[in-house]
Peer 1: 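The structure that follows is given in the form of structure tokens.
Numbered from 1 within each chain, the chains take letters A, B, ... in sequence-line order.
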Amino acid sequence: MQLKTRDKQFIGLGVLLAAISGGLAYAGIIGLKAEMLLGYLPGLAAPAAAVFAWKARSLWGGDVARYLEIIIAGLLIQFVVYDIHLYWHFQEILSGALPVWGMSAVFWRAIFHGLSALSFILIAYGFYLFYTEGER
Amino acid sequence: MALNLERSDVLAIVGGVFLVLILAFLNHRTGIEQISLVGDVTATVAGLGAVYFIYKSQDTIGGDLGRYMLIIGVGIAYYSVTLIPHILSHETQFLTSLIGQTAAIAVYIAQHILVFWSFLLIAYGFYLFWRGGQ
């Protein structure tokens, strides 16, 4: 394993926070509102990843820049979709029904989950190129 | 700010978006909501694919870059593995019926933080990518 100690500590911190928050919820101190608010957070982390990948791309250049751009495209699609999609889902909890927004719940679920799938396909493609062509 | 994307890459990205729009519209016509689970399965398979390629790259790339990709891979792996169980638990409420609402919310809150952390790990990996290239 090439992970450094600080990487494992970073991972461990997340596990600790999750356990503490879960404990607070089990004790009834936080509840549904926290669950929903916390749900939005990944949608903010995705653009952070895209920003760093973008900054990295101009440093590495060449083929690596291309692979990163593909991955960034995937991350940006996640960013665009994630929180809007969650907001849409949460409306069902808050108002009893999934919004149709001019089309249908079926349509929006397909768009959101479909674009999410596309974003991961692009991310996978970027790493596929890293693997097949990144012999350096 | 010229991009290094090849024409086929742009086609894949833009074409992919249009394909999803078309498929979503067709799905809308069927009225069957469960079809979008195909999207979730696809996201899972793609995510695991990314992790597989990262894993295979460890020998050829290795070193610092290998470490950055490994960190990103951990994030993607956790998200991919938990995605469908998490979605199903919300939709079927099986967790709530199994352990009660308070415990279920505790699990959901923990999971939402862990999903946030997986995305943060991906951000951290690319942050190191950037710093490592300086």
Peer 1: Heavy-atom distance under 4.5 Å to chain A: side chain of B:Val115, backbone, both or neither?
Peer 2: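 Both parts, backbone and side chain.
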
Peer 1: Taking side chain as everything from C-beta outward and backbone as N, CA, C, O, which of these in B:Ile72 sits under 4.5 Å from a heavy atom of chain A? Side chain, backbone, both or neither.
Peer 2: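 Answer is side chain: those atoms of B:Ile72 sit under 4.5 Å from chain A.
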
Peer 1: What residue, out of A:Leu44, A:Leu37, A:Leu118, has the most heavy-atom pairs lying under 4.5 Å from chain B?
Peer 2: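 Top option by heavy-atom pairs under 4.5 Å: A:Leu118.
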
Peer 1: Which of the residues A:Tyr26, A:Trp60, A:Trp108 is involved in the greatest number of heavy-atom pairs with chain B at under 4.5 angstrom?
Peer 2: A:Trp60

Peer 1: Would you check if the side chain of A:Glu35 reaches a backbone N or O of B:Ile105 as a donor-acceptor pair within less than 3.5 Å?
Peer 2: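 It does not hold such a pair.
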
Peer 1: How about A:Phe120 and A:Gln78: do any of their side-chain heavy atoms sit closer than 4.5 Å?
Peer 2: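 Yes, side chains in contact.
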
Peer 1: Among A:Ala27, A:Ser116, A:Gly22, A:Gly28, who wins on heavy-atom pairs under 4.5 Å with chain B?
Peer 2: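 When all of A:Ala27, A:Ser116, A:Gly22, A:Gly28 are compared, A:Gly22 has the most.
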
Peer 1: Assert yes or no for the condition that the ring centre distance of B:His112 to A:Tyr40 is strictly below 6.0 Å.
Peer 2: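 No, ring centres 6.0 Å or more apart.
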
Peer 1: Which atoms of B:Glu6 are under 4.5 Å from chain A, going by heavy atoms: the side chain, the backbone, both sets, or neither?
Peer 2: both

Peer 1: Quick one: what part of B:Leu26 sits under 4.5 Å from any heavy atom of chain A, side chain, backbone, both or neither?
Peer 2: neither

Peer 1: What part of B:Gln111 gets closer than 4.5 Å to chain A, counting heavy atoms only: side chain, backbone, both or neither?
Peer 2: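 No part of it gets close to chain A.
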
Peer 1: Please rank A:Ser58, A:Gly31, A:Ala105, A:Ala73 by heavy-atom pairs under 4.5 Å with chain B and give me the top one.
Peer 2: A:Gly31

Peer 1: Given heavy-atom pairs under 4.5 angstrom as the criterion, report whether the side chain, backbone, both or neither of B:Ile35 touches chain A.
Peer 2: neither

Peer 1: Go through the steps to decide whether B:Phe119 and B:Tyr79 satisfy the test ring-ring contact (aromatic ring centres under 6.0 Å, His included), and finish with yes or no.
Peer 2: CA-CA 8 Å; B:Phe119 276 64; B:Tyr79 184 70; 5.2 Å; yes

Peer 1: Give, as side chain, backbone, both or neither, the part of B:Tyr78 having an atom under 4.5 angstrom from any heavy atom of chain A.
Peer 2: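 It is neither, since no heavy atom gets under 4.5 Å.
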
Peer 1: Is it the case that the side chain of B:Ser97 and the backbone of B:Phe94 share a donor-acceptor pair, with hydrogens and angles ignored and the cut-off at 3.5 Å?
Peer 2: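 Yes; judged by distance alone, with no hydrogens or angles, the pair exists.
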
Peer 1: Would you check if A:Asp7 and B:Arg67 make a side-chain contact, meaning some heavy-atom pair closer than 4.5 Å?
Peer 2: yes

Peer 1: With only heavy atoms counted, which part of A:Leu16 is less than 4.5 Å from chain B, the side chain, the backbone, both or neither?
Peer 2: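 No part of A:Leu16 comes within 4.5 Å of chain B.
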
Peer 1: Parallel, tilted or perpendicular, judged at 30° and 60°: which one describes the rings of A:Phe107 and B:His28?
Peer 2: perpendicular

Peer 1: Can you tell me which portion of B:Leu83 sits under 4.5 Å from chain A's heavy atoms? Options are side chain, backbone, both or neither.
Peer 2: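 It is neither, since no heavy atom gets under 4.5 Å.
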
Peer 1: With a 4.5 angstrom heavy-atom cut-off, which part of A:Leu68 approaches chain B: side chain, backbone, both or neither?
Peer 2: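 The side chain, not the backbone.
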
Peer 1: Considering only heavy atoms, which portion of A:Tyr125 lies under 4.5 Å from any heavy atom of chain B: side chain, backbone, both, or neither?
Peer 2: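 Just the side chain, heavy atoms under 4.5 Å.
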
Peer 1: Side chain, backbone, both or neither: which part of A:Leu115 has an atom under 4.5 Å from a heavy atom of chain B?
Peer 2: both

Peer 1: Taking every non-hydrogen pair under 4.5 Å, which of A:Ile121, A:Ile123, A:Leu41 racks up the most with chain B?
Peer 2: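 Top count of heavy-atom pairs under 4.5 Å with chain B: A:Leu41.
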
Peer 1: Under a 3.5 Å threshold, yes or no: a donor from one side chain and an acceptor from the other, between A:Gln9 and A:Arg6?
Peer 2: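 Side-chain D/A pair, A:Gln9 to A:Arg6: absent.
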
Peer 1: Quick check for you: among B:Ala110, B:Gly39, B:Ala24, which has the greatest number of heavy-atom pairs under 4.5 Å with chain A?
Peer 2: B:Ala24

Peer 1: Quick one: which of A:Ile71, A:Ile70, A:Val51, A:Leu122 has the most heavy-atom pairs under 4.5 Å with chain B, could you say?
Peer 2: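 Of A:Ile71, A:Ile70, A:Val51, A:Leu122, A:Ile70 has the most heavy-atom pairs under 4.5 Å with chain B.
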
Peer 1: Would you name the heavy atoms of A:Ala25 and B:Ile109 that are closest together and state the gap between them?
Peer 2: CB-CD1, 3.6 Å

Peer 1: Considering only heavy atoms, which portion of B:Ile76 lies under 4.5 Å from any heavy atom of chain A: side chain, backbone, both, or neither?
Peer 2: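 Side chain only.
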
Peer 1: Considering the options B:Tyr68, B:Tyr127, B:Phe126, which one meets the ring pair (Phe, Tyr, Trp, His ring centres under 6.0 Å) requirement together with A:Phe52?
Peer 2: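 In the set B:Tyr68, B:Tyr127, B:Phe126, the residue that makes a ring pair (Phe, Tyr, Trp, His ring centres under 6.0 Å) with A:Phe52 is B:Tyr127.
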
Peer 1: Would you say the side chain of B:Tyr108 lies within less than 4.5 Å of the side chain of A:Leu32, judging by non-hydrogen atoms?
Peer 2: no

